[in-house]
Protein chains: 2
Amino acid sequence: MFSISAEQLSVLLVKRPDAEPEPYPGRWALPGGFVDVTQDATLQDCAMRKLHVKTGVDAPYLEQLGSWGGATRDPRGWSCTHAYFALMAAPAISAKDEGSSPSEWVPVETALRRRLAFDHNAILEAAVERLRSKVEYTSLPAFLLPVPFTLPQLQRSYETVLGRALDKSAFRKRMLDADYLEEAGMLTTDQGRPAMGYRVRNRERAVVFPRGFKSGEAPG
Amino acid sequence: MFSISAEQLSVLLVKRPDAEPEPYPGRWALPGGFVDVTQDATLQDCAMRKLHVKTGVDAPYLEQLGSWGGATRDPRGWSCTHAYFALMAAPAISAKDEGSSPSEWVPVETALRRRLAFDHNAILEAAVERLRSKVEYTSLPAFLLPVPFTLPQLQRSYETVLGRALDKSAFRKRMLDADYLEEAGMLTTDQGRPAMGYRVRNRERAVVFPRGFKSGEAPG
DNA sequence: TCAATAGTGTCTATTAGACAATATACT
DNA sequence: AGTATATTGTCTAATAGACACTATTGA
């Protein structure tokens with residue numbers, strides 16, 4: 001689960017219980033859990049359920065990332081995990097409001113420097129790589145903003161994920177030419193001229209642009 | 001497992017046993033099977049093993065496609081499958097040389113019209129869609145050819161997958177500018193001028209071009 | 001010499017980006 | 001007015017595609 005927190009691309013981590021029978025006690029991990037065959041009709045349903053429990057968010061952008069399976073990734077034996085990645089607006093309140101287990105939004109660079117539970121470092125790396133590469137040629141960063149948002153805010157969202165500046169004029173042309181945004185009234189900001197607010201027309205799927213940004217990495 | 005057979009993008013199908021205890025007896029299905037935790041260290045290893053058993057091919061292009069899990073996809077109960085797709089050169093001999101179970105290379109359009117076992121129609125659709133969309137901006141069709149191959153052959157491979165003609169000059173510029181091919185001596189053909197043979201430098205991963213072909217669908 | 005295919009050259013329309021200029025808010 | 005930000009316009013360099021042309025083989 002990704003969001004922009006403190007001007008940085010951040011990921012939600014949960015702390016594993018300290019109790020010994022569980023593997024990796026006390027370690028930070030990506031949110032997850034076991035499929036419950038009594039309530040999860042599909043893998044996607046399971047991911048949605050976990051996500052709702054953790055964040056209260058109902059309809060984020062959700063995409064299957066991949067599956068990791070093998071003999072050594074869990075000390076309890078051969079196991080397989082199904083990773084999804086979700087994009088959502090920065091939560092107003094910190095994620096810790098559940099009494100259950102501690103969780104926090106951590107900038108991805110920080111998270112990757114920690115030794116996460118299981119093979120979650122590898123999974124997070126893959127997720128960040130996929131996100132960064134898709135941001136070069138899709139509208140994904142729009143899902144990291146609360147609606148409505150302005151084009152300058154959207155541009156900052158792109159720049160935050162990509163870690164480099166983009167040209168304003170070219171950026172606006174790309175977004176408006178793709179015709180995936182609809183106007184949602186003027187928004188006044190703290191300072192300066194107000195800007196048009198937008199929302200994405202179809203929150204189910206991202207828009208794909210015909211090419212990436214200049215000198216941008218190509219999709220993987 | 002995809003290949004080009006009879007000038008068409010084709011997929012390997014296997015016939016399920018007629019014995020009743022097995023679900024979907026006698027139906028055509030995508031090749032697959034259960035993970036064997038005693039010999040498959042990872043999911044990827046398992047996919048490689050299945051592929052080798054079915055086709056004898058050792059090092060094709062292999063990519064994880066996605067996972068399908070749910071309560072209704074297998075009559076025996078909640079199940080999860082991990083789909084990979086492989087690209088390989090057209091096998092000289094038909095795939096049926098195993099005495100085990102009947103299998104055949106079928107053009108994808110034909111295969112999709114059949115009622116395959118399980119949810120394999122959906123999986124095959126996803127695979128074809130992924131392949132077609134990635135062909136717009138990657139070097140994937142190079143893996144569908146025996147090496148060495150000529151640029152005209154490579155172009156036909158692209159055109160076969162995409163189902164439309166490409167401009168020769170632009171195509172050659174794209175391939176050679178990407179610098180992912182190395183020369184492998186002249187090849188004489190049945191008729192006309194001989195052509196330079198090429199092989200891909202790195203068979204592990206596909207090359208990504210900075211943009212798609214004109215009017216091509218964008219990557220998904 | 002002809003048919004067939006491989007390979008190259010030229011021109012043009014498109015467009016992403018650089019960057020300057022203008023517009024609109026608040027103080 | 002002056003500052004800060006949003007939005008638009010102009011110019012240019014890069015390039016993909018259209019298409020004509022040349023090159024090299026065998027019959």
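Naming convention: chains lettered A, B, ... in sequence-line order (proteins, then strands); numbering from 1 in each chain.
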| message | Taking the basic N atoms (NZ, or NE/NH1/NH2) and the acidic carboxylate oxygens, is any pair closer than 4.0 Å for A:Glu159 and A:Lys168? | response | no

| said: Angle between ring planes, A:Phe213 versus A:Phe171, binned at 30° and 60°: parallel, tilted or perpendicular? | reply: parallel

| request: Using whole Å, report how far CE of B:Met196 lies from C1' of C:dA6. | output: 11 Å

| Of A:Arg174 and B:Leu151, whose nearest nucleotide on DNA chain C comes first from the 5' end? | B:Leu151

| request: Output yes when B:Arg164 and B:Glu136 qualify as a salt bridge under the 4.0 Å nitrogen-oxygen rule, no when they do not. | output: yes

| message | Rounded to the nearest 0.5 Å, what separates atom OG1 in B:Thr160 from atom CD in B:Gln8? | response | 8.5 Å

| message | Both A:Pro152 and A:Asp167 contact DNA chain D. Which one's nearest nucleotide lies toward the 5' end? | response | A:Pro152

| Just checking B:Ala195: base, sugar-phosphate only, or nothing, at a heavy-atom cut-off of under 4.0 Å? | sugar-phosphate

| B:Phe171 CZ - C:dT5 P separation (whole Å) | 17 Å

| said: Measuring from the side chain of A:Arg172 (C-beta onward, heavy atoms only), which nucleotide among C:dA16, C:dG7, D:dA6 has the closest atom? | reply: D:dA6

| request: Look at the side chain of B:Lys173 and the base of D:dT15, then say whether one donor and one acceptor between them are separated by less than 3.5 Å. | output: no

| message | Check this for me: does the side-chain of A:Ser169 come within 3.5 Å of the base of D:dG9 through a donor and an acceptor? | response | yes

| query | Do B:Arg130's NZ or CZ and the ring of B:Phe85 fall within the cation-pi criteria of under 6.0 Å and 45°? | reply | no

| field | Rounded interatomic separation in angstrom, taking CE from B:Met175 and P from C:dG7 | value | 14 Å

| query | How close or far is atom P of D:dT5 from atom CD of A:Gln155, stated in whole angstroms? | reply | 13 Å

| said: Measuring from the side chain of B:Lys168 (C-beta onward, heavy atoms only), which nucleotide among C:dA6, D:dC19, D:dT7 has the closest atom? | reply: C:dA6

| task | To the nearest 0.5 angstrom, please state how far the OG atom of A:Ser5 sits from the CG atom of A:Leu12. | result | 10.5 Å

| query | What string of B, S and - do you get for nucleotides 22-27 of chain C 5' to 3' if you count protein non-hydrogen atoms under 4.0 Å? | reply | -BBB--

| Nearest-Å distance, CG (B:Leu154) to P (C:dG7)? | 12 Å

| field | Distance, rounded to the nearest Å, where B:Glu159 contributes CD and C:dT5 contributes P | value | 13 Å

| request: Let me see the working for A:Tyr198 and A:Leu176 under side chain to side chain contact (heavy atoms under 4.5 Å, CB included), right down to the final yes or no. | output: CA-CA 10 Å; A:Tyr198 295 90; A:Leu176 295 177; 3.9 Å; yes

